[in-house]
Amino acid sequence: MTALETAETGETTGGSQVRGRLRRVLSSPSGLIGIAIVVAHVLTALFGPAIVPYDFALQDADAILQPPSWAHWLGTDMLGRDVFTRTVLGGREIMLICTIATVIAMLWGSLLGILLALVGGWVDNFVMRCVDAMMSMPWILFVMIFVAALGTGTAALVPILGVSYGLSVVYLARSATLEFVAKDFVLAAQARGERRRTIILKELLPNVRDSLAVQAAMQWSWMVLGVSSLSYLGLGVAPPTPDWGLMVADSRSMMAVAPWAVIFPMAALSSLIIGANLAVDAAAKSLGVDRNARPGK
Amino acid sequence: MSKSGVIGSGFGIVLACALLTAAWSQPAQAEKVLRMAHDLSMGGKESLDPLSPVRFWEVNDLLYNRLVRLNEKGEIEPELAASWTPNDSATEWTIKLQEGVRFHDGSPLGASDVKYSLERINDPALESPVTSVLGMIDHVEVIDALTAKIVLSAKHAGLPILLSDYRVRIIPDGSGATIEQTGIGSGPFKLEEYDPEGRTILVANPDYWEGAPKLDRIEYLAISDADARAQALLAGQIDFSRVAQEQGPLFAGNPKFVLSEFPSGGWFGIVFRTDVAPFTDPRVRKAVRIAANREEMVKLLAGEGHAIVTCDNPVKASDPYRADLDCPQDTELAKSLLAEAGFADGIDIDLHTSNLETGMVRFAEVYQQQVAKAGIRVKLVIAPGDGYWDDVWMKETVVVTSWDERPADQILNEAYRSGSSWNESYFSSPEFDALLDKARASLDFAEAKQAMVEAQRMLFETGGTFIPYQQNVQFAYDKSLTGITPVIEDQIRWDLVDKAEE
């Protein structure tokens, strides 16, 4: 009976388990590199304002498109702004937006997904068909409709991303939960007359937690790329906030003449995304989650 | 058949194939095609009706003729009008037409076509922006087959220069309902395919009255993004494009291209709608304009020597009617004007811009930084390029605008006279309109200039349009092209442009 009552993950060893997993992630070279890159980016974002030599918005008519030098380590852009300063600060806004939006997407997406799997029937069918319909629309189009309605900038982007990225979480959480809803420990909980909320929080959530954690990390790195694309198109972060996508869009016409204004923000963005992906891959392996078995993007 | 016969016939077939291939590829090489791009700024609604507010001006320049045009020196010269003579009070102008001009459908040009085309300007159903420029045309009388008399409702000594407007084109009598689709004019090129969102194709008009054009075809591709246009030119997809100042270096050192630069009266500006609060208050309007540092804007955006500082004055530097004004950055005055108007804590502005033309967003960014010191907090809103003129401009309260040069009388009437359809700042002042009327009615240059100068000063004091500088125009084109003169597109003689064989 005891075996039936306990959810399959074994909650008791929580702390040491997390440490064990982290050790496993770090023991793989790619995982170590990935985590190092992400941590470096996070630290740069946190302490960037203290280390940058210039004001990110400072325009200097006498220093337009200067190549890298002692005064401007990574050169200057078309308005004479310091590329180093802007590259260092260029990830702050985007990481903040993506982190908050990921939390929102995971919260509503996973709770709705688990609930639907548990409830089943026509409610599940109806809601999932709605989700299908929304997911059949290309992501960028979906987001652009909202951006057109709500405008650009951080305050608009967070809810837009939180909603749009939550759709694939609904899918994942629901299919991950379906594996467990017919299992004995859930049936037993239902037979005991446990409330639905208790079943979700105590029995189901612990079992799908690993899949969701991997999904959250993936969501975050997709979002970073997504917001950069939006900024590149002029629909994301508004100038003069330093942002990698915006910096690339701004200077792309001068790439042949002043490559530094494009290459450094591009390198920063790619390294963050590659780092996040390496870390997620290693984490998925150590958790035994198949990260390719996800729906959506 | 003998063995040698087989070899002989085989050789014959090979030779025939080779000749056929050569013959096939020969005409393709010989055809001279000029490929250009337009910016799709009317979002696909580009109209072949030259008077339409969404006129497809790039193509219309090639399909139709005007009565008169400006030459390379900026002087008026005959086009369809062989001569033009005013009466003593300049209320009636007699136009004699060139002989032997035919429209693309074969019909001859006559005075009735001039009457139809000019009287159409004032058709309210068209909502043409030209109405504000040539609204004083009362009617046109047909004197004989090739003579027309333009009768004005008020005297105007400078009518011919207004007739050189790029939209005042002569179309066949009665063709207003179909012109939008047919594009039948008397110009050097004829319409073959009209697809503003894709490829619009024009072919040479062999019977053109000034002599057959040197090119065989002109193709216009829709490319809405300015950087994409420059890249298309670099990649050889198009042969000619206007390029922004900052794109110059991409072509300057390249032996495949010619980069030509010349002074012009064109500008980027910021429009503050004078009919929407807080810009209904002239103090706020002046504050948001004088808070900017124009010299620095020239340095940052155009480069020294590539633009001339202007004090919100749309009249170009070389125009005889231009007012010389002084407008240094004055942050303190801007602050105190805002405080007087009740905005002691500064104001917040949503400034709409777009990547439609290279530098439009950067222009807004520089303004945003410069005026911050005066307590003007600007938030940039970046709109999509296609349809910008249709959906954003004249709709949102504060927008970045872009104009090409126009003669003083034309631009002041078109963009600032009360109620004119391209009055983008919704500026309305009876006093200003009276000054324009006075200038038009005056037959004395000094008197007319005084009124014009007064009107320009008024714009600087109370207007809703910020114009920091007027910039040079740059063309970049394939070096095989000849005949491209340093004048804006509608003044280029496209019939004389030629393409050397590669």
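By convention in this document, chain letters (A, B, ...) are assigned in the order of the sequence lines, proteins followed by strands, and residues within each chain are numbered from 1. The figures here come from the full heavy-atom set of this structure, side chains too, leaving out hydrogens, waters and symmetry mates.
Looking only at heavy-atom pairs under 4.5 Å with chain B, the residue among Ala61(A), Ala249(A), Pro239(A) that has the most is Pro239(A). The residue among Ala256(A), Pro240(A), Ala238(A) with the most heavy atom pairs within less than 4.5 Å of chain B is Pro240(A). Per-residue counts of heavy-atom pairs under 4.5 Å with chain A were compared for Thr358(B), Leu301(B), Val366(B), Val381(B); the largest is that of Val366(B). Comparing Ile64(A), Leu65(A), Leu233(A) by heavy-atom pairs within less than 4.5 Å of chain B, the highest count is held by Ile64(A).
Residues of residues 222-229 of chain B lying under 4.5 angstrom from chain A, judged on non-hydrogen atoms, are Asp225(B), Asp227(B) in numerical order.
At most 12 heavy atoms of other shown residues, nucleotides or ligands fall within 6.0 angstrom of atom CH2 in Trp73(A). Few gaps surround CE on Met128(A); more than 12 heavy atoms of other groups in view lie less than 6.0 Å from it. Enclosure of atom CE in Met394(B) by more than 12 non-hydrogen atoms of other residues, nucleotides or ligands within 6.0 angstrom is indicated. Around CZ of Phe126(A), the count of heavy atoms belonging to other residues, nucleotides or ligands within 6.0 Å does not exceed 12.
No side-chain heavy atom of Gln368(B) sits less than 4.5 Å from a side-chain heavy atom of Gln59(A).
Note that CD1 of Ile382(B) is 8.0 Å distant from CG of Leu235(A), once rounded to the nearest 0.5 Å. Residue Met254(A) holds its CE atom at 5.5 Å from CG of Leu250(B), rounded to the nearest 0.5 Å.
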Apply side chain to side chain contact (heavy atoms under 4.5 Å, CB included) to residues Lys299(B) and Asp62(A) and explain how you reach the verdict.
CA-CA 8 Å; Lys299(B) 275 191 181 173; Asp62(A) 299 319; 3.6 Å; yes
Would Glu365(B) and Arg81(A) satisfy side chain to side chain contact (heavy atoms under 4.5 Å, CB included), going step by step from the backbone distance to the final call?
CA-CA 12 Å; Glu365(B) 278 186 74; Arg81(A) 296 176 296 197; 2.7 Å; yes
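No side-chain donor-acceptor contact under 3.5 Å links Arg362(B) to the backbone of Leu79(A).
For a residue to count as touching a neighbouring chain, one of its non-hydrogen atoms must lie under 4.5 Å from one of that chain's; by this rule Asp60(A) touches chain B with the backbone only.
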